[in-house]
Undergrad: 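Supplied in structure tokens, the structure appears directly below.
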Amino acid sequence: MTLRLYNTMTREVGDFVPLTPGRVSLYTCGPTIWNFAHIGNFRTFLFEDLLRRWLEASGFDVFHIMNLTDVDDRTIQAALKAGVTLREHVEPYAQAFFADRDYLRIRSAHAYPRATQFIAPMISLVESLLAKGVAYRGDDGSVYFAIARFPEYGRLSQLDQRELRSGASGRVSSDEYAKEDARDFVLWKAAQPDDEAVGAAWDAPFGRGRPGWHLECSAMALDLVREKWGEDVLDIHCGAVDLIFPHHEDEIAQSCAHTGKPDFARVWMHAEFLNVRGTKMSKRFGNYTTARDLQEDGTDAAALRLFFFQTHYRQKLDLNDESLGAATSALRRLGDFAARLATGPGTVSGAVGEGATAELEGAAKQLREQFAAGLDDDLNAPRALAALFDFVTAGNRALDRGAAACAPARDAFDWATGILDILPTAREADAGLATWVEERIQARKAARQARNFAEADAIRDELAAKGVTLEDGPGGTKWRAG
RNA sequence: GGCGCCGUAGCCAAGUGGUAAGGCAGAGGUCUGCAAAACCUCUAUUCGUGAGUUCGAUUCUCACCGGCGCCUCCA
């Protein structure tokens, strides 16, 4: 089986071949830490988390970099408004992002570079581009990249096939007069009073100022990958679809003009948006939910992961009132099965049990194959999940028939659920509640033995009122809260 | 206006040139004192509409309808 990935550059799914066999440099555009990230942002980060995990599960040594954008219009304006320095404003949001990341079980990247920590490499990059003649100093003191001098410009977004309508997005700022061409983008912005006020200006040979947004990714990625492996091309570069143009297009222009290499990244992958009733989730539209909102509502992070993974990453996904609830129900099914597999008998004697155990082992083998086939196919998590649920059904059936919860089944299930990381979060049971529930269960047991079912049902109702569900099984009565 | 994506059961969502995975919800059954969980069965003759290519299309082509995204600092 070979991993195949969709490459935005070629608009095709192809075999993934890293620059150097066995290892992968993965650069993922991170959040701008001017505020809390919303779960639309996290859809992309969760997709990248799965990519990272699957690459590692496939045997690659992955070097994962995620930048944190700490200098841009939004961070500066927010700091200004709050009356603090850029650094002071941004730090709590960086910490909040890490906390959200941990809550959502996203594996930590190996590096979280911030633009302000890489001023020197960015200045070098600008100097290189100036020396090569693809950048110029505008009348306003800013440094711009001259698109006209980089013929390859537009390959990623197929710009050659389209007509740019300036201002069509309605998000264009006004100070565009200093550029030679309206499409040129800024590499280094001449310092403004607002920048100075929050400590967001640095001296450079070509004038005091601050880095443009696109510059940071090129400079940090090249710097870190060179330091790590001595390379100047990334294996995979990810982001959400809105970054294809202009962000990634501009990164390519800067980086390739500098390195002289045909590619900045060998594979470009982009996640689709999370929509809310048809419109993309966005701070601008006010239709957003943050990770901490979900956490406060008691949403299991695993349910959100499951919800996201049930839709392919290149497909728009709509969040509505029912979607998370449905994922929570599905999660419970997985959790119940996990518990059953973990506590079930390890060995069973007798022909019936043995036949069923063989069946369970067969299902486990199929799980491994189907799950891998799904993820190998451009990270088709919905297919992988279908394989997982097929295994749950087959597993329950086999266990019902007396199968032993054998090691091959446990290992395959742990492997698959571990890669997706979608088992319910183990909850710290409230000690007082547990004691009370156990006491009530004993009382009910006594009532049942006395065949006083009215009393037994009353106790069950009493527990249900507290959100406790009972399950009578051969091994006694089990209970579940919430 | 340019470029691109999407439209599959009540809801969410895979998918293939040869006749529709999975999840949620729902119905019936087995088990149970009754439940819960689990298991079994059922729930799209059909994949936005129309036409075309083909022995055959949900899957390819065209048109149309509907939704969405990007078009210079939005994950």
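Letters A, B, ... mirror the listed sequences (proteins, then strands); counts begin at 1.
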Undergrad: Under 3.5 Å, is there a donor on one side chain and an acceptor on the other for A:Thr393 and A:Asp390?
TA: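 No, because no side-chain N or O of A:Thr393 sits under 3.5 Å from a partner of the opposite role on A:Asp390.
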Undergrad: Taking the side chain of A:Asp472 as heavy atoms from C-beta outward, which of B:A35, B:G69, B:C73 is closest to it?
TA: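 Minimum distance to the A:Asp472 side chain belongs to B:A35.
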Undergrad: Atom NZ of A:Lys478 and atom P of B:A38: how far apart are they, to the nearest Å?
TA: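 My rounded result for the distance is 11 Å.
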Undergrad: For the rings on A:Tyr144 and A:Phe185, is their centre-to-centre separation under 6.0 Å?
TA: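 Aromatic pair excluded; centres sit 6.0 Å or further apart.
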Undergrad: Sort out the partner of B:U19 for me: Watson-Crick or G-U wobble, both distances under 3.5 Å, none otherwise.
TA: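 When the pairing criteria are applied, nothing turns out to pair with B:U19, so the answer is none.
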Undergrad: Could you please name the option among B:A38, B:G69, B:C34 that lies closest to any side-chain atom of A:Arg333?
TA: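 Nucleotide nearest to A:Arg333's side chain: B:A38.
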Undergrad: Would you mind reading off the distance between A:Ile147 atom CD1 and B:C73 atom P, rounded to a whole angstrom?
TA: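 A:Ile147 atom CD1 is separated from B:C73 atom P by 13 Å.
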Undergrad: Can you identify which nucleotide, out of B:C40, B:A75, B:G15, has its nearest atom closest to the A:Asn380 side chain?
TA: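 Ranking B:C40, B:A75, B:G15 by closest atom to the A:Asn380 side chain puts B:G15 first.
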Undergrad: Heavy atoms under 4.0 Å, any strand shown: does A:Asp457 hit a base, just sugar-phosphate, or nothing?
TA: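 Result for A:Asp457 = base.
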Undergrad: So A:Ser329, base contact, sugar-phosphate only, or nothing? Heavy-atom distance under 4.0 Å.
TA: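 Counting heavy atoms under 4.0 Å across all strands, the contact made by A:Ser329 is with sugar-phosphate only.
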Undergrad: Name the residue closer to the 5' end of RNA chain B, choosing between A:Ala326 and A:Ala454 according to the nucleotide with the nearest heavy atom.
TA: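 Looking at the nearest nucleotide for each, A:Ala326 comes out on the 5' side.
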Undergrad: Please give, in whole Å, the distance from B:G4 P to A:Trp268 CH2?
TA: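 Checked: the CH2 to P distance equals 20 Å.
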